[in-house]
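In this chain, residues are counted from 1 in sequence order. No experiment lies behind these values; they were computed from the predicted model shown.
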Amino acid sequence: MPSNKVRVVVRTRPTQDFAYGMVEFMPDGKTINIHATKDVKQGVVNNQITDWSFKLDGILHNSGQDTMFDYVAKDLVTQALTGYNSTLMVYGQTGSGKTYTMSGATESFQHRGIIPRSLAQLYREIE
């Protein structure tokens with residue numbers, strides 16, 4: 001029986017200027033800590049929050065399209081075929097990789113995204 005809870009998964013992709021000093025991935029693979037430095041412009045009394053910790057259902061750091069699909073979408077397609085409603089929502093800053101995650105790259109079959117992989121799985125399961 002499928003789970004009826006909302007799952008939250010974060011996918012990060014390191015870039016040349018990735019904030020390794022600010023982001024800490026915990027060994028459990030489900031917790032991410034963000035550490036920001038205090039802004040000295042705030043003056044002597046500085047109540048600025050500098051540390052956040054987020055507990056998630058999963059963190060995919062520097063993972064490939066296949067891993068992303070298997071972890072996030074594969075079960076949703078199967079559940080949809082058995083009559084359950086399924087929704088996948090991507091959210092993020094402009095240029096963060098939402099379209100790449102969903103559609104993929106056309107240059108390489110290996111880099112196809114969640115949508116083409118879901119369609120392929122759908123046709124495989126219908127046959």
Side-chain angles (χ1 to χ4, degrees):
M1 175 134 191
S3 171
N4 61 357
K5 75 172 206 161
V6 173
R7 289 181 43 202
V8 178
V9 178
V10 169
R11 181 182 193 185
T12 60
R13 61 184 182 112
T15 58
Q16 289 179 347
D17 55 351
F18 189 78
Y20 285 105
M22 294 178 63
V23 179
E24 178 184 15
F25 301 102
M26 302 310 288
D28 66 356
K30 296 183 178 201
T31 306
I32 186 170
N33 295 330
I34 310 294
H35 309 286
T37 57
K38 284 198 180 247
D39 185 4
V40 295
K41 296 176 188 171
Q42 296 291 325
V44 177
V45 178
N46 185 349
N47 295 325
Q48 182 180 4
I49 298 173
T50 59
D51 295 305
W52 297 268
S53 183
F54 300 97
K55 184 81 170 165
L56 309 157
D57 294 302
I59 298 171
L60 300 173
H61 178 61
N62 199 19
S63 62
Q65 295 284 69
D66 54 345
T67 304
M68 184 68 184
F69 174 76
D70 290 342
Y71 192 82
V72 174
K74 192 173 191 175
D75 290 340
L76 294 178
V77 174
T78 302
Q79 291 171 11
L81 287 172
T82 60
Y84 289 92
N85 291 329
S86 299
T87 301
L88 179 79
M89 183 181 86
V90 294
Y91 178 82
Q93 185 175 352
T94 300
S96 62
K98 299 175 300 293
T99 302
Y100 176 75
T101 296
M102 293 303 293
S103 301
T106 57
E107 302 84 34
S108 170
F109 185 75
Q110 172 187 352
H111 295 130
R112 66 197 188 285
I114 288 175
I115 294 169
R117 289 172 191 269
S118 296
L119 290 172
Q121 178 185 352
L122 179 70
Y123 285 115
R124 268 194 314 273
E125 293 196 22
I126 288 174
E127 288 180 343

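- No path of Ile, Leu, Val, Met, Phe, Trp and Tyr side chains, each step under 4.5 Å between heavy atoms, connects Y91 with L60, placing them in separate hydrophobic clusters.
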Please determine whether side chain to side chain contact (heavy atoms under 4.5 Å, CB included) holds for the pair H61 and V23, giving the CA-CA distance in whole Å, both sets of side-chain angles, and the decisive distance to 0.1 Å.
CA-CA 11 Å; H61 178 61; V23 179; over 6 Å; no
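- The hydrophobic clustering, which links ILVMFWY residues whose side-chain heavy atoms are closer than 4.5 Å, places V10 and M102 apart.
- Interatomic distance, CD of Q121 versus CG of L81, reported as 7.5 Å (0.5 Å rounding).
- Considering every non-hydrogen atom in both R7 and Y71, the closest pair reads NH2-O, 3.1 Å.
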Would you check, one step at a time, whether the test side chain to side chain contact (heavy atoms under 4.5 Å, CB included) holds for T37 with M22?
CA-CA 8 Å; T37 57; M22 294 178 63; over 6 Å; no
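- With T101 as the partner, the side-chain contact (heavy atoms from CB on, under 4.5 Å) test is satisfied by one option alone out of V72, I114, L88: I114.
- Relative to the ring axis of F69, R112 does not place its NZ or CZ within 45° and under 6.0 Å from the centre.
- Residues passing the ring pair (Phe, Tyr, Trp, His ring centres under 6.0 Å) test with F54, sequence neighbours excluded: none.
- The main-chain N or O of V8 is found under 3.5 Å from a side-chain atom of D57 such that the two form a donor-acceptor pair.
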Ignoring hydrogens and angles, write down the donor-acceptor pairs under 3.5 Å from the side chains of residues 25-34, residues two or more places apart or on other chains.
{"residue": "D28", "atom": "OD1", "partner": "K30", "partner atom": "N", "Å": "2.9"}
{"residue": "D28", "atom": "OD1", "partner": "T31", "partner atom": "N", "Å": "3.1"}
{"residue": "D28", "atom": "OD1", "partner": "T31", "partner atom": "OG1", "Å": "3.4"}
{"residue": "D28", "atom": "OD2", "partner": "T31", "partner atom": "OG1", "Å": "2.8"}
{"residue": "D28", "atom": "OD2", "partner": "K55", "partner atom": "NZ", "Å": "3.0"}
{"residue": "N33", "atom": "OD1", "partner": "S53", "partner atom": "OG", "Å": "2.7"}
{"residue": "N33", "atom": "ND2", "partner": "E24", "partner atom": "OE1", "Å": "3.4"}

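- Remark: the backbone N or O of V90 is not paired with any side-chain donor or acceptor of K98 at under 3.5 angstrom.
- Minimum heavy-atom separation, R117 to Q110: NH2-O, 2.7 Å.
- In terms of hydrophobic clustering, with Ile, Leu, Val, Met, Phe, Trp and Tyr side chains grouped at heavy-atom distances under 4.5 Å, I115 and F109 are assigned to different clusters.
- Annotation for A80 and S86: closest pair N-OG, 3.9 Å, computed over non-hydrogen atoms.
- In terms of heavy atoms, Y100 sits closest to Q65 at O-NE2, 2.8 Å.
- Within the model, atoms CG of D75 and CG of D70 stand 9.0 Å from one another, a figure rounded to the nearest 0.5 Å.
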